[in-house]
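In what follows, a single structure is set out as structure tokens and then discussed.
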Amino acid sequence: MFASITKLALGLLDRLAQTANSNPDEQPSEHLVIGQRGEEAAYFHLRSLGYVIVARNFRSPRHKGEIDLIGWDRDQLCFIEVKTRTSRELMPAEAAVDLPKQAMLRATARAYLRKIKELPPLRFDVVSVYYESQDPQPDIILFKNAFPVS
């Protein structure tokens, strides 16, 4: 019961923030809406697995791009990239985290780590979220330690 109230409240706050930061004449493109839905689903999925999420959509002024989620999985700090798709036909979602994307994520993670006094064990995870059917519940696949830290 509490989890569904929390999920509803966070969803409402996210929509309010999106509305406040957007032009009322502009409608977000469908792929952005689906991507946001996937990030939300990944967030709650990871929490159900015991992750403690400490940041969402982290950006650094020094680097382009963002880290979708940052959280703790027990004693490891995890930088999490979420990829959402409506089909698996072309290629798996996780394949979009190619070498240039990995380099961008590493650079942004270094910016985040500058705020931490003592470096903990860390890793990069990728979450693939698929909305392939009319079922509102997506298929979610977690890839722990998806690519090397350095």
Side-chain angles (χ1 to χ4, degrees), residues 1-23 26-86 91-131 136-150:
M1 172 78 174
F2 182 71
S4 50
I5 292 171
T6 302
K7 188 174 182 178
L8 178 65
L10 285 172
L12 288 170
L13 289 171
D14 283 346
R15 280 192 279 290
L16 281 171
Q18 183 182 31
T19 303
N21 294 328
S22 65
N23 182 341
E26 286 181 21
Q27 293 295 322
S29 64
E30 186 177 349
H31 82 278
L32 292 176
V33 171
I34 291 170
Q36 186 175 19
R37 243 178 96 198
E39 283 185 25
E40 195 77 10
Y43 170 82
F44 285 104
H45 178 73
L46 292 170
R47 288 197 49 207
S48 76
L49 295 175
Y51 281 64
V52 176
I53 304 300
V54 295
R56 293 173 80 166
N57 304 114
F58 175 79
R59 292 180 180 274
S60 165
R62 295 179 174 195
H63 305 283
K64 69 176 194 167
E66 71 178 23
I67 297 175
D68 296 325
L69 300 168
I70 301 173
W72 291 93
D73 181 21
R74 295 186 185 95
D75 64 341
Q76 280 196 311
L77 184 61
C78 304
F79 298 95
I80 305 152
E81 177 66 12
V82 179
K83 291 296 178 188
T84 307
R85 300 289 185 268
T86 55
M91 69 176 172
E94 61 276 5
V97 186
D98 55 10
L99 292 175
K101 180 71 171 184
Q102 291 174 23
M104 184 278 301
L105 290 168
R106 283 188 196 99
T108 307
R110 281 192 298 275
Y112 182 85
L113 292 169
R114 284 187 193 101
K115 298 187 216 177
I116 298 175
K117 292 179 183 179
E118 199 171 310
L119 288 182
L122 55 103
R123 70 173 193 247
F124 289 92
D125 294 350
V126 173
V127 177
S128 293
V129 181
Y130 294 98
Y131 289 100
Q137 295 301 316
D139 183 22
I140 301 174
I141 305 165
L142 169 61
F143 298 91
K144 290 184 176 187
N145 230 357
F147 57 91
V149 172
S150 56

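Residues: numbered from 1 along the sequence shown.
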request  = For residues Leu77 and Ile116, determine if any side-chain heavy atom of one lies less than 4.5 Å from a side-chain heavy atom of the other.
outcome  = yes

task = Would you check if Phe58 and Asp68 make a side-chain contact, meaning some heavy-atom pair closer than 4.5 Å?
result = no

query = In terms of side-chain heavy atoms, does Asp139 have a donor or acceptor partner in Tyr131 at a distance below 3.5 Å?
reply = no

query = Got Arg56 and Glu40 here, is their nearest side-chain heavy-atom distance under 4.5 Å?
reply = yes

Distance in Å, Arg106 CZ paired with Leu113 CG, rounded so as to fall on 0.5 Å steps = 13.0 Å

ask   = Does some side-chain heavy atom of Asp125 sit less than 4.5 Å from a side-chain heavy atom of Leu142?
value = yes

query = Do Glu94 and Lys83 sit within salt-bridge range, that is, some charged N less than 4.0 Å from a carboxylate O?
reply = no

query = How are the rings of Phe124 and Phe147 set relative to one another: parallel (under 30°), tilted (30 to 60°) or perpendicular (over 60°)?
reply = parallel

inquiry  = More than 12 heavy atoms of other residues, nucleotides or ligands under 6.0 Å from CZ of Arg62: yes or no?
reply    = no

query = Heavy-atom distance under 4.5 Å between the side chains of Cys78 and Trp72, does that happen here?
reply = no

inquiry  = Cation-pi check for Phe79 against Arg123: NZ or CZ below 6.0 Å from the six-membered ring centre and within 45 degrees of the axis, yes or no?
reply    = no

key: Carboxylate-amine/guanidinium proximity below 4.0 Å for Arg37 and Glu39   = no

inquiry  = Within the structure provided, determine whether Tyr43 and Val127 are in side-chain contact (heavy-atom separation under 4.5 Å).
reply    = no

